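As C-alpha cells, the structure follows; a few thoughts come after it.
Numbers restart at 1 for each chain; the letters A, B, ... are given by sequence-line order, proteins then strands. Note that the coordinates shown come from a computational prediction; the quantities given were computed from them, not determined experimentally.
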Amino acid sequence: MEFKKEIQESLKDYFKANFGVDIPNISISQINPDFRHLGDYAFNFNALRKIAKEHNADLKEIVLTVASTILAKQEGEAVESIRAQFAATDLDKGFINLKFSDQFWAKQLQSKIASGKVTSIAPKAGKVVLEYCGPNTNKPLHIGHLRNMMLGFSMSEVLKADGYDVTKVNIYNDRGIAICKSIAAYLHAGNGATPQSTGIKGDHFVGDYYVEFGKIVDAQLREKYALGAEVENVAKHLGKEREVIEQETPIFALAKDLLLKWEAGDAETIALWQKMNGWVYEGFNETFNTLGVDFEKDYFESDTYKLGKEIIELGLQKNVFKRRADGAVIIDLTPDGLDEKVVLRSDGTSVYITQDLGTAELRHNEFNMDRMIYVVGNEQDYHFKVLKLTLQKLGYQWADGIYHLSYGMVESPTGRFKSREGKTADADDLIAEVLRIAEERTKEQGKIDDFTNDEAKALYKTIGLGALKFFLLRVNPYKKIIFNPEESIDFHGQTGPFVQYTYARICSIIRKAAITPDSINVQTNLQGVERQIIQQLCEYENVIADASNKYDPSEIANYAYNLAKLYNKFYGELKILSADTDAEKHLRLTISQATANTIKHAMKLLGIDVPEKM
RNA sequence: GGUCCCGUAGCUCAGCUGGAUAGAGCAACAGAUUUCUAAUCUGUGGGUCACAGGUUCGAAUCCUGUCGGGAUCACCA
C-alpha cells in the first residue's frame, strides 16, 4: 500500500523543507476497531511535538496541511476523508484517521482477483541457507524436533514468499560415542535382528538399542557389585554420575572400542555403522515425508567433523586465536562480555565449535550465501553467539549474515520431556495420536460419508497434522511451549482445523455458486465486515514481510486465524448465494474466493494443507 | 555467582520500533440452525499487564532494581 510511504515522505519533506530537520517514520497502522467509524488507518503525530515546539510552530496546522496535500494528490477518488481528530486538550491524543472510499477497496479486491495472485512481492537479491532439524542418529525424532522442523520449514517458505532464494539443509550428527553405544548394544543383544525382521521402524529400531545399552550397563553393574533387584537406581546407589560409572562396564568398553575403530577407519566397524545409520535414515525419511518437510542438501557430521583446522591456523596467524601454555588454542572473548573459549584441544583434535567454524566456511564456499540461518534450540544461544563473533573476528564479512533462529523448549505439564517419561514425546507416536483424534472427531461430525477410504485417510492426515503444526507454530519461537497431549490437540478456536474448516466452507459455497465472478461492480456499497476482510487481505504482504524480517512464522499463523475468524463473521452476517442483488452476490463471491486463496497461501507458508471438504 | 530469555484473564497466547477504553481462544454461563458445512456465530462474566522506582504530554511496551521460572557459563555435542 503506497499511501503509507507517501504520508511518511510528505511529513519528512515538510519538516526538512520548513525546519531543516530529519524526522523518523511515523508508523501508520490499521485503525483500532473501536474507532473504525472514523476511518481505516490511523497514525499519531505526537512524536513530532517536541520538534514543532522547538520551532515555535503549530503541529496541528502542519499535520493538517500535509494531510490535505495528500488528499489532493489522491484526486478526490480514493481517500474519502482524512480527518484530524483532536481531543479537548489537544495534547492527549493527536491522531489522524484515514478513510478510503468503498470504490477504492472494491478496486483493490478486483485487482487481486484479476491478477490471480495473493501477493505482489517481487523476488529480491539475497541467497539464504537455512539449516534445520539436525537429528542425532542414535534415537528417533521427538517433539522438540517437531517444533524445529515446523519452524525451519515454515521459515524457509516465508522467506521464499518474501522474495528470497532459500536452500534448506540438514545436518546429521551421525558419529561419536552415542551411535557407538547403539552399535555395541546391537552386537551384544541384537542376534542379527533387523527392522525388516522385527517390523520396527528403522530409527526406532536403532533407538531401542540405545535404550538397551543403558539396560546392559545396569545389568553389568548389578553383577559387578552384586546388587539385588531391590536397588532401583544403580548409579545413585553407587553414588556416582551415570556417565562416570558406566565406564566401568564391558559394554561401555565395547562402545569405546568401536569409536576408536571407527576413527581408525576399520572396515568392519564402518560397514556396521553404515548399516545401522541406513536404517535410521529410512525411518527419518518416512517421518519427513509424513510431515512434508524436505532438504536440498544433507550434511553429515562424519564428513565435516574434521573441518575447521585451517581456520584455526588462520586465526593463529591473524592473532585472533592464541595458543595457551598447555597447547590448546583459544579465543578470548572476555572483551565482548563472553568467556575464553577453547577452539582446538591441546591434543590437536576438534571440539564442537571447530567443526561448526569449518562447516560454516564450507557452506559459504558452496553457496556464497548472504545469510545463513540455524534453527536450533535456545540452549545453544551462547554457542551461536560465540560462533558468529568468532567468524566476524576472523574477518569473514559473510558472518554478519548468520542468524540463530532460537526457539524455546517444548515441555510437558510436569516439566521437561524426559525420554523415560515414555512415549508422549516421541514424534511418530505423537503424529499417530493426532491422526487418531482427527479421525475420531471427523467421524463424530459425520460430514464425509461420500468419501472413499483413501480420501478419508488423507483428510485425517490433513486435519491432524494441521492441528499439530498450527499448535507448534502459532506461538512466538522464543517462548517455551507446554505440550499436554491430552489437551493441546484441539479443533476449535485458535487452531489449524478452524482455519481449514473456514477454507472448506468457502470451497463449498464456490462449488454451489456455479459462476466465476470475474468482475465486480466497484460502485457497490460495502458492508462493514466486507471492508474489513478486503483490508485484511491487503495487509497480507505486510505480514509476510514482518514474519520474514522478524524470523517469526507465528505472525502468519495469527494472521491466518484472524482472517478465518473475520470470514466466519462475514459468513454469519451476510447472505452470499442468495444476496439481494447480483452485484452483491458477485462481490461476496469474490471476497470469498480471495479469502480462500489467501488462507491457502498462508497455510502453505506454515506447511499446512487445506481440505476442500471436511 | 556472571550472562541471556521469559512473567499480560483460571489456562494457552496476541499486543512490545511508546499513543485512543489492554485483545483473542479454551474453560464457565446464556442464546442463534425451515436459508450457503453449527469443527460456526452472537452475548455475559473474568485484568494491580509479577513488583517497585525512573524517563515521557503519554508506559503492558523504554531504563534501573527486586521477586519468581528457565537456559547457559566443558579440551560434551
Taking the [atom1] atom in each of [N] and [M], what is the distance between them to the nearest angstrom?
N: B:G54; M: B:U44; atom1: P; result: 38 Å
N: B:A14; M: B:U8; atom1: C1'; result: 10 Å
N: B:G19; M: B:G58; atom1: C1'; result: 7 Å
N: B:G18; M: B:U55; atom1: C1'; result: 11 Å
N: B:A71; M: B:C75; atom1: C1'; result: 23 Å
N: B:C57; M: B:A20; atom1: C1'; result: 14 Å
N: B:G53; M: B:G45; atom1: P; result: 31 Å
N: B:A59; M: B:U17; atom1: P; result: 16 Å

Closest to side chain of A:Ala504, choosing from B:U37, B:G69, B:U40: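 In terms of side-chain proximity for A:Ala504, the closest of B:U37, B:G69, B:U40 is B:U37.
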
Of the nucleotides B:U40, B:A71, B:A38, which has the atom closest to the A:Glu379 side chain? B:A71

What's the [atom1]-[atom2] distance between [X] and [N], to the nearest Å?
X: A:Asp356; N: B:A74; atom1: CG; atom2: P; result: 17 Å
X: A:Gln380; N: B:G70; atom1: CD; atom2: C1'; result: 16 Å
X: A:Leu333; N: B:A74; atom1: CG; atom2: P; result: 12 Å
X: A:Lys613; N: B:U37; atom1: NZ; atom2: C1'; result: 10 Å
X: A:Phe45; N: B:G19; atom1: CZ; atom2: C1'; result: 11 Å
X: A:Gln500; N: B:U40; atom1: CD; atom2: C1'; result: 15 Å
X: A:Glu612; N: B:C36; atom1: CD; atom2: C1'; result: 17 Å
X: A:Glu555; N: B:U17; atom1: CD; atom2: P; result: 12 Å

Donor-acceptor pair between A:Asn148 and A:Tyr407 side chains, under 3.5 angstrom: yes

Under 4.0 Å, heavy atoms only, any strand: does [X] hit a base, just the sugar-phosphate, or nothing?
X: A:Leu574; answer: base
X: A:Lys575; answer: base
X: A:Arg588; answer: nothing
X: A:Phe498; answer: sugar-phosphate
X: A:Ala513; answer: nothing
X: A:Glu301; answer: sugar-phosphate

According to side-chain hydrogen bond (donor to acceptor under 3.5 Å, both in side chains), who are the partners of A:Arg147, at least two apart in sequence or on a separate chain?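 Per chain and number, A:Arg147 pairs via side-chain hydrogen bond (donor to acceptor under 3.5 Å, both in side chains) with no residue.
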
Contacts of A:Lys240 that satisfy salt bridge (Lys or Arg N to Asp or Glu O under 4.0 Å) - sequence neighbours left out: A:Glu248

A:Leu405 pairs by side chain to side chain contact (heavy atoms under 4.5 Å, CB included) with which of A:Tyr551, A:Tyr374, A:Tyr478? A:Tyr551

[X]: partners by ring-ring contact (aromatic ring centres under 6.0 Å, His included), with sequence neighbours left out:
X: A:His492; value: none
X: A:Phe498; value: A:Tyr561
X: A:Tyr382; value: none

With sequence neighbours excluded, tell me which residues meet side-chain contact (heavy atoms from CB on, under 4.5 Å) with [X].
X: A:Tyr210; answer: A:Asn138, A:Ala178, A:Lys181, A:Ser182
X: A:Asp356; answer: A:Tyr352, A:His383, A:Leu387
X: A:Pro140; answer: A:Asp203, A:His204, A:Asp426

Under 3.5 Å between N/O atoms: give me all the protein pairs with nucleotides 1-6 of chain B, atom names plus distance.
none

Run the salt-bridge test on A:Lys613 and A:Asp450 with the 4.0 Å N-O cut-off and return the result as yes or no. yes

Please list all pairs meeting side-chain hydrogen bond (donor to acceptor under 3.5 Å, both in side chains) that have one or both residues in residues 456-475 of chain A, counting only residues at least two apart or in different chains. A:Arg474-A:Gln494

Nearest heavy atom decides the nucleotide; on that basis, is A:Arg175 or A:Leu48 closer to the 5' end of RNA chain B? A:Leu48

Using the closest heavy atom to pick a nucleotide of RNA chain B for each, name whichever of A:Ser350 or A:Lys569 lands nearer the 5' end.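 So the residue in question is A:Lys569.
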
Side-chain (A:Thr590) to main-chain (A:His586) donor-acceptor, under 3.5 angstrom: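 A pair under 3.5 Å: yes.
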
Is the phosphate of [N], meaning OP1 or OP2, less than 4.0 Å from a side-chain N or O of [X]?
X: A:Asn476; N: B:G15; answer: yes
X: A:Tyr352; N: B:C75; answer: no
X: A:Arg511; N: B:U37; answer: no
X: A:Lys341; N: B:C73; answer: no

So, is the end of the A:Arg175 side chain (NZ or CZ) under 6.0 Å from the ring centre of A:Phe300 and within 45° of the ring's axis? no

Can you find a donor-acceptor pair, distance only, under 3.5 Å between A:Ser346 side chain and B:C75 base?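 In this structure, the two groups form a donor-acceptor pair.
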
Using a 3.5 Å limit on both pairing distances, list the dot-bracket string of RNA chain B from the 5' end; Watson-Crick and G-U wobble pairs count, crossing pairs take [ ], interstrand pairs take |. (((((((..((((.....[...)))).(((((.......))))).....(((((..]....))))))))))))....

Please produce a list of atom pairs where a protein N or O lies less than 3.5 Å from an N or O of nucleotides 20-27 of chain B.
residue: B:A20; atom: N6; partner: A:Asn97; partner atom: OD1; Å: 2.8
residue: B:A20; atom: N1; partner: A:Asn97; partner atom: OD1; Å: 3.4
residue: B:A24; atom: O2'; partner: A:Gln494; partner atom: NE2; Å: 3.4
residue: B:A24; atom: O2'; partner: A:Tyr561; partner atom: OH; Å: 3.2
residue: B:A24; atom: N3; partner: A:Gln494; partner atom: NE2; Å: 3.4
residue: B:G25; atom: O2'; partner: A:Gln494; partner atom: N; Å: 3.0

